[in-house]
Amino acid sequence: MATAPIVAPGGTVGVLGGGQLGRMLAMAAAQLGLKTDVLCPDPAAPAGDVAGTLTHASYTDEAALAAFARAVDVVTYEFENVPAETVAFLTSLGAVVRPGALALEKAQDRLHEKEFVNGLGAKTAAFHPVDDLASLEAGLSRVGRPAILKTRRLGYDGKGQTRLTDADSDLPGAYEKAIEFAWAEVGAAPSILEAFAPFEREISIIGARGADGDIKLYDPVENVHRNGILKTSTVPARIAEATADKARAVASDILGALDYVGVIGVEFFVLNDGAVLVNEFAPRVHNSGHWTLDACTVSQFEQHIRAVAGWPLAEPARHSDAVMENLIGEEISAWRSLAEEPGACLHLYGKRDIRSGRKMGHVTRLTSRG
Ligand code: AMP
């Protein structure tokens, strides 16, 4: 395994995780003349259709990880729940992992993530660590209701979280029951109670930092979730320039403080006075950046590959306005009419089984830049 920070054309990028993000990373790498080796426990992973090599192994299989480390020039990942031990093991073998362990450590634990973001001077919703029913009750007194209880680790797409609303306290005993119910809902796991942010809209910033410290940010994008899952991402976001600037500054600060290399997705709540609260960040390419494939001169996937391969970042210029819509579960059945729709940019992930809530593809509709 070479440790040189620059991976020249012909070199190999190792990707941990073989979902749709790994698939689109592999396609972007191929465009730049790079090969990919995708390590993933699922032999039918979407990235398998396009990766140079699919290493079918668990993230804790040390023999497979050692062979993977020897075969690739740099390692990246497409999901933030890569076990810390996997990254530590690969690093111990001399592998360069980008983004590094610090970004993963902060992003894997909602409490550490929020403390880190607050430490940079950026705001989040008020929060309180919860380890049992007593601390949940103390948290409710502190952050008020409505509030959201979330597991500190392993939550995604609205999973591992539950709401506590104002109505919970109307009947005698209902308040206690609601607390017990909420705690059971998140699996009685170490959690965090967050104040409900009365947001006007949700936005995200997709940004990148190169190995040389150069930072490039895409335009802020406005996101709409349905059942906790991203449904649409629209650019431009309907926000004031001053709000966009605040979000950009926070994203840049996070990238710098993590000594980050790669693409990051930072999600924000925008309040009606224009203030921005950080919801969370994902140390990887992000679903709310898929529009960049069709509306920009460089996609988030190419930008990520450029960063982790030690190449210069490209200017993330946007040539069109765009609405990206996720195709979730059965919505994939409309593929034929979407394929017929003039101007619709269709991206399907090659997943065999349709399941409710599963991201099967996305479609991006472009209009002239307003
Ligand atoms: P998360 O998995 O934390 O990103 O939450 C998924 C979605 O739930 C967010 O995109 C919001 O729409 C909503 N949500 C999460 N946390 C809060 C909060 N503190 N206040 C208001 N809405 C929230």
Side-chain angles (χ1 to χ4, degrees), residues 19 21 79-81 103-104 106-118 122-130 136 139-168 182 185-187 189-206 220-234 237-239 247 250-251 254 264-291 324-326 328 357-359 362:
L21 301 179
F79 72 117
E80 60 272 41
N81 289 318
L104 272 179
K106 300 295 180 203
Q108 284 181 350
D109 184 320
R110 290 186 191 275
L111 180 62
H112 295 171
E113 183 181 39
K114 286 201 168 41
E115 288 171 346
F116 166 72
V117 165
N118 287 166
K123 294 200 179 79
T124 59
F127 61 92
H128 187 83
V130 171
L136 176 51
L140 280 168
S141 318
R142 177 157 152 207
V143 311
R145 274 172 295 152
I148 306 189
L149 183 67
K150 300 179 180 177
T151 53
R152 280 171 58 175
R153 303 179 72 87
L154 299 174
Y156 70 99
D157 283 350
K159 294 190 173 66
Q161 55 180 270
T162 186
R163 292 186 185 195
L164 284 138
T165 64
D166 283 327
D168 295 337
E185 270 288 282
V186 301
S191 297
I192 182 168
L193 187 74
E194 284 180 30
F196 188 84
F199 60 82
E200 193 177 71
R201 56 189 96 253
E202 291 186 83
I203 62 164
S204 54
I205 298 268
I206 305 301
V221 52
E222 183 168 339
N223 302 317
V224 174
H225 293 82
R226 198 177 63 191
N227 303 325
I229 303 175
L230 182 69
K231 185 53 189 158
T232 61
S233 291
T234 302
R238 294 166 298 165
I239 53 172
V250 172
I254 292 173
I264 197 169
V266 187
E267 296 179 35
F268 298 89
F269 301 124
V270 179
L271 307 186
N272 54 18
D273 63 357
V276 295
L277 306 181
V278 175
N279 174 23
E280 61 182 4
F281 62 83
R284 54 170 168 78
V285 286
H286 196 254
N287 193 170
S288 71
H290 289 2
W291 58 276
M324 186 286 310
E325 182 185 354
N326 270 336
I328 299 168
R358 192 172 199 207
K359 292 173 181 167
H362 71 268

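The figures that follow rest on heavy atoms only: side chains count, while hydrogens, waters and symmetry mates do not. Along the sequence shown, residues are numbered consecutively beginning with 1. Atoms within a ligand are numbered from 1 in the order they appear, just like the ligands themselves.
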ask   = Of the backbone atoms (N, CA, C, O) and the side-chain heavy atoms from C-beta on, which set of N223 has a member under 4.0 Å from an atom of ligand 1: side chain, backbone, both, or neither?
value = neither
ask   = Can you list the atoms of ligand 1 that are under 4.0 Å from a heavy atom of R110?
value = 2 (O), 3 (O)
query = Going by the atom numbers of ligand 1, which of them fall below 4.0 Å from some non-hydrogen atom of A197?
reply = 18 (C), 19 (N), 20 (N), 21 (C)
ask   = Can you list the atoms of ligand 1 that are under 4.0 Å from a heavy atom of F199?
value = 21 (C), 22 (N)
ask   = For ligand 1, which atoms, with element, lie under 4.0 Å from some heavy atom of E267?
value = 4 (O)
ask   = Looking at E222 and R201, does any basic side-chain N land under 4.0 Å from a carboxylate oxygen?
value = yes
inquiry  = Please check: side-chain N/O of N227 versus main-chain N/O of I229, any donor-acceptor pairing under 3.5 Å?
reply    = no
ask   = Purely on distance, is any nitrogen or oxygen of A195 under 3.5 Å from one on ligand 1?
value = yes
inquiry  = Tell me the nearest of E194, R163, H225, R226 to atom 13 (C) of ligand 1, using heavy-atom distances.
reply    = R163
query = Are H286 and E267 linked by a side-chain donor-acceptor pair shorter than 3.5 Å?
reply = yes
key: Per-atom contacts of ligand 1 with E202, taking only distances under 4.0 Å to non-hydrogen atoms   = 9 (C), 10 (O), 11 (C), 12 (O)
Passing option when M324 is tested against N223, N287, V221 for side chain to side chain contact (heavy atoms under 4.5 Å, CB included) = N287
message = Under a plain distance cut-off of 3.5 Å, with no hydrogens placed, do E325 and H362 share a side-chain donor-acceptor pair?
response = no
task = In plain terms, say whether E115 and K106 are close enough for a salt bridge, that is, a side-chain N and a carboxylate O under 4.0 Å apart.
result = no
